[in-house]
Amino acid sequence: MRKVFHFDSPADPYIADAAVLCCFDHRISTAVRKFLKKQGIERADMIVVAGGAKTLASPRNDFEQDFILEQVRMSIRLHQTKRVMVMSHSDCATYGGLAHFKGDCEAEADHHRSELLRAGELLTSNFPNISVEPYFVKFDGIWEVKGAQHLLSAPQGKLADSTRQIA
Ligand SMILES: [Zn+2]
């Protein structure tokens with residue numbers, strides 16, 4: 001092999017501050033990176049795939065969902081991850097963009113909120129000891145999903161009721 005770039009990376013093993021599932025859309029990447037820094041998350045296991053949280057909430061096929069769950073499982077096993085952030089974003093092409101919602105930002109946000117909660121509940125049901133934080137990334141910033149408190153402590157059961165209390 002021939003070295004084509006020099007850079008000194010930290011070689012020590014690490015405990016991940018969080019695993020982060022988000023879309024690969026370049027338009028949101030800077031906001032996500034700055035948000036993580038603001039949250040004090042320095043070591044994140046980034047799971048960056050088309051659609052982000054959609055791969056769990058509304059996967060195109062079983063393979064997609066299983067693959068992402070396995071990525072989270074590996075982050076937990078290899079890097080002792082306790083915190084998982086799941087994100088989706090406005091105008092995401094995997095949902096047909098904002099156009100799919102006929103330009104209605106509120107309808108879009110409503111839909112994403114239920115998607116994010118579903119993704120979170122799938123994670124807490126698979127991994128009871130993690131806390132999950134769902135976020136919707138818009139072009140003016142990052143929004144936390146109300147009604148997602150049950151995902152933080154990951155209690156089992158009665159998820160369906162609290163899902164209805166989203167605001
Ligand atoms: Zn996207």
Side-chain angles (χ1 to χ4, degrees), residues 16-76 78-79 81-127 130-152 154 159 162-164 166-167:
D17 297 318
V20 180
L21 172 62
C22 68
C23 185
F24 66 14
D25 193 313
H26 181 67
R27 295 173 295 172
I28 64 163
S29 61
T30 303
V32 170
R33 186 166 45 81
K34 286 180 177 282
F35 175 63
L36 294 180
K37 188 173 181 190
K38 188 87 187 264
Q39 294 277 306
I41 294 171
E42 294 177 5
R43 288 162 294 266
D45 284 352
M46 299 298 295
I47 305 168
V48 182
V49 290
K54 183 178 186 295
T55 58
L56 297 180
S58 303
R60 286 172 302 148
N61 50 56
D62 288 346
F63 166 80
E64 185 171 71
Q65 192 181 66
D66 288 346
F67 178 76
I68 298 301
L69 286 173
E70 181 66 10
Q71 296 297 301
V72 174
R73 186 176 294 115
M74 301 260 282
S75 177
I76 293 168
L78 301 176
H79 300 142
T81 301
K82 295 264 191 295
R83 181 178 180 186
V84 180
M85 301 163 99
V86 293
M87 302 186 183
S88 65
H89 70 96
S90 181
D91 199 35
C92 185
T94 67
Y95 286 95
L98 184 56
H100 177 75
F101 303 93
K102 299 181 170 48
D104 184 341
C105 290
E106 248 177 67
E108 183 193 46
D110 275 351
H111 185 71
H112 278 265
R113 190 163 50 218
S114 63
E115 289 278 284
L116 287 160
L117 288 170
R118 190 155 69 238
E121 282 156 15
L122 183 72
L123 285 168
T124 53
S125 66
N126 275 271
F127 312 110
I130 58 166
S131 70
V132 178
E133 299 163 42
Y135 295 103
F136 185 47
V137 184
K138 293 172 64 177
F139 293 101
D140 66 351
I142 296 183
W143 299 67
E144 71 177 0
V145 175
K146 287 185 185 170
Q149 289 79 8
H150 61 288
L151 300 174
L152 289 173
L159 291 178
S162 43
T163 312
R164 301 288 166 251
I166 52 181

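For ligands, and for the atoms within them, numbers begin at 1 and follow the listed sequence.
Taking distances strictly below 2.8 Å, the protein N/O/S atoms close to the Zn ion (ligand 1) are C23 SG, H89 NE2, C92 SG.
Every pair passing ring pair (Phe, Tyr, Trp, His ring centres under 6.0 Å) that includes a residue from residues 29-54 is listed here, sequence neighbours excluded: F35-Y135. Counting only residues at least two apart or in different chains, side chain to side chain donor-acceptor pair (under 3.5 Å) contacts with residues 32-44 comprise Q39-R83.
Remark: side-chain polar atoms of S29 are paired, donor with acceptor, to backbone N or O of H26 under 3.5 angstrom.
Aromatic rings of Y95 and H111 (six-membered ring for Trp) have centroids within the 6.0 Å cut-off, being under it.
Remark: R118 does not engage E121 in a salt bridge, criterion side-chain N to carboxylate O under 4.0 Å.
For D25, the side chain to side chain donor-acceptor pair (under 3.5 Å) criterion is met by R27, not counting sequence neighbours.
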